[in-house]
Amino acid sequence: AVEGGFRYAVLTTRHHDGFCLWDSKLSDYTSMRSAPRRDFVREYVEAFRAAGLRVGLYYSLADWTCPAYWSNPGEDPSGFDRFREQVHGQVRELLTHYGPIDVLWFDGAWPHSAEAWRSRELLRMIRRRVKALRPSAVLSVATIAWGTCPDNFEHTRAYIDCGQDWAGWMRKGYLDANIPMNYKPEDNAQHAKQFRKWLKDATRWGGRTPTYSGIDVCSNSPEHVAEQIRAVRRAGVPGYVLFSFNESPERDALVETLK
């Protein structure tokens with residue numbers, strides 16, 4: 001990672017299958033209680049810090065092995081309560097036992113609501129623990145527009161229905177920054193216009209830097225990827241451009257175009 005110029009990485013501590021790569025006291029489905037008998041999260045954070053790199057953790061709220069996850073919380077309230085307590089408790093473990101965490105990513109909130117997850121309570125706990133260890137840390141959320149870019153950017157419901165009321169959380173001070181990510185194909189005039197509108201609004205109220213601008217390389221040619229990167233620069237958006245390099249059907253051409 002150091003030789004490749006990395007500054008940080010993000011380890012998947014638990015994905016949708018519920019398997020934990022650390023010694024969680026809240027589950028038997030862990031790397032410590034199965035064949036490896038190892039705490040991979042600890043090995044990762046210690047190795048990366050020793051190399052001078054920052055550490056990030058990814059955690060999926062979903063657990064496909066838990067029946068309560070698949071049920072409506074109203075159908076099995078006690079089961080979902082226990083499941084939610086495990087989720088909150090495991091996030092607390094990750095933020096308590098492994099020192100300052102530089103990056104924290106969440107996934108798998110769907111199909112349940114922010115109220116079902118008690119997301120505000122979870123965010124408050126995260127903020128207290130993260131800020132206690134690293135006061136300068138910036139808590140942020142990625143806002144992804146599925147569909148059209150709204151006329152009023154502040155009122156977009158991106159992800160609200162699956163557990164992320166980012167606009168409300170920013171107003172209440174739970175989050176420091178919004179990270180707009182707008183994956184739009186450049187060869188569609190309407191979508192190209194929406195992409196630039198998204199960039200303009202991001203600079204207006206996107207919160208603290210850095211801002212991450214997402215670009216879709218699956219539906220964009222290398223030339224169009226380069227044009228959207230230039231649009232980000234012209235808009236004066238501070239931060240980084242994100243795209244999944246391996247998803248490009250023209251990876252070699254993309255490398256040449258971006259040189």
Side-chain angles (χ1 to χ4, degrees), residues 1-4 6-71 73 76-112 114 116-135 137-142 162-164 244 246:
V2 172
E3 292 177 357
F6 286 32
R7 288 185 288 179
Y8 73 94
V10 178
L11 176 71
T12 299
T13 65
R14 177 179 111 160
H15 204 245
H16 309 331
D17 59 1
F19 187 71
C20 302
L21 295 186
W22 77 98
D23 188 17
S24 176
K25 306 304 181 186
L26 301 174
S27 172
D28 293 329
Y29 195 37
T30 74
S31 58
M32 282 293 290
R33 303 189 185 191
S34 56
R37 303 290 180 185
R38 294 166 61 183
D39 184 335
F40 291 110
V41 173
R42 185 165 304 283
E43 294 180 22
Y44 156 72
V45 299
E46 290 179 352
F48 266 64
R49 287 184 183 131
L53 299 171
R54 296 180 180 180
V55 298
L57 302 179
Y58 162 107
Y59 178 88
S60 171
L61 279 66
D63 182 351
W64 291 344
T65 67
C66 179
Y69 168 76
W70 295 104
S71 66
D76 183 14
S78 60
F80 194 84
D81 284 348
R82 290 192 296 272
F83 171 56
R84 182 181 57 234
E85 288 174 5
Q86 182 198 57
V87 167
H88 285 219
Q90 288 189 334
V91 173
R92 189 178 297 109
E93 286 180 335
L94 291 170
L95 294 176
T96 300
H97 303 308
Y98 299 97
I101 303 302
D102 301 290
V103 181
L104 189 61
W105 287 359
F106 288 103
D107 193 7
W110 31 258
H112 305 300
W117 288 113
R118 293 185 181 172
S119 298
R120 292 180 181 177
E121 178 183 324
L122 178 62
L123 272 174
R124 285 196 294 266
M125 181 270 289
I126 292 170
R127 188 174 187 86
R128 286 195 305 270
R129 291 178 181 268
V130 169
K131 294 289 188 178
L133 292 174
R134 194 179 295 281
V138 175
L139 298 183
S140 60
V141 60
C162 59
Q164 297 190 38
S244 298
N246 286 333

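FYI, the numbering just counts along the sequence from 1. The structure displayed is predicted, hence computed values, not measured ones.
- Remark: side-chain polar atoms of H15 are not paired, donor with acceptor, to backbone N or O of Y58 under 3.5 angstrom.
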Subject >> Worked check of side-chain contact (heavy atoms from CB on, under 4.5 Å) between V55 and V103 >> reply: CA-CA 6 Å; V55 298; V103 181; over 6 Å; no

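- Ring centers of W110 and H16: under 6.0 Å apart, within the cut-off.
- When all heavy atoms of R84 and A116 are compared, the closest pair comes out as NH1-O, 2.8 Å.
- Distance check: R14 CZ to L57 CG gives 13.5 Å after rounding to the nearest 0.5 Å.
- Counting only N and O atoms by type, the side chains of Y44 and D39 include no donor and acceptor under 3.5 Å apart.
- Counting heavy atoms from C-beta outward, V130 and I101 have side chains that stay 4.5 Å or more apart.
- The closest side-chain heavy-atom distance from L122 to V91 is below 4.5 Å.
- Within the 4.5 Å cutoff, the side chain of L61 has no heavy atoms near those of the D107 side chain.
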Original post:
Going through the checks in order, is the side-chain contact (heavy atoms from CB on, under 4.5 Å) test met by V87 and F106?
Top reply: CA-CA 11 Å; V87 167; F106 288 103; over 6 Å; no

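- Of the inter-residue distances, the one linking Q90 atom CD with C20 atom SG reads 4.0 Å to the nearest 0.5 angstrom.
- Within the 4.5 Å cutoff, the side chain of R49 has heavy atoms near those of the P100 side chain.
- At distances below 3.5 Å, at least one donor-acceptor pair connects side-chain atoms of W70 with backbone N or O atoms of W64.
- Expressed to the nearest 0.5 Å, how far CG of D23 lies from CZ of R37 amounts to 10.5 Å.
- Of all the heavy atoms in D17 and D63, the pair that sits closest is O-OD1, 3.6 Å.
- Interatomic distance, CH2 of W22 versus CG of L11, reported as 10.0 Å (0.5 Å rounding).
- The heavy-atom pair separating F83 from A68 by the smallest distance is CB-CB, 4.1 Å.
- Between the side chain of R7 and the backbone N or O of R54 there is no donor-acceptor pair closer than 3.5 Å.
- Under a 3.5 Å cut-off, the side chain of R42 and the backbone N or O of H97 do form a donor-acceptor pair.
- Remark: side-chain polar atoms of S71 are not paired, donor with acceptor, to backbone N or O of D76 under 3.5 angstrom.
- Of all the heavy atoms in L133 and L95, the pair that sits closest is CD1-O, 3.8 Å.
- For the pair S24 (side chain) and L26 (backbone), a donor-acceptor distance under 3.5 Å is present.
- Note that the OG atom of S34 and the CZ atom of F19 stand 3.5 Å from one another [nearest 0.5 Å].
- Using the six-membered ring where Trp is involved, Y69 and W117 have ring planes that are tilted, between 30° and 60° apart.
- Judged as a salt bridge (Lys or Arg N to Asp or Glu O under 4.0 Å), the pairs with a partner in residues 90-106 (not counting sequence neighbours) are, in order, D102-R134.
- In this structure, CD on E85 lies 9.0 Å from NE2 on H88, to the nearest 0.5 angstrom.
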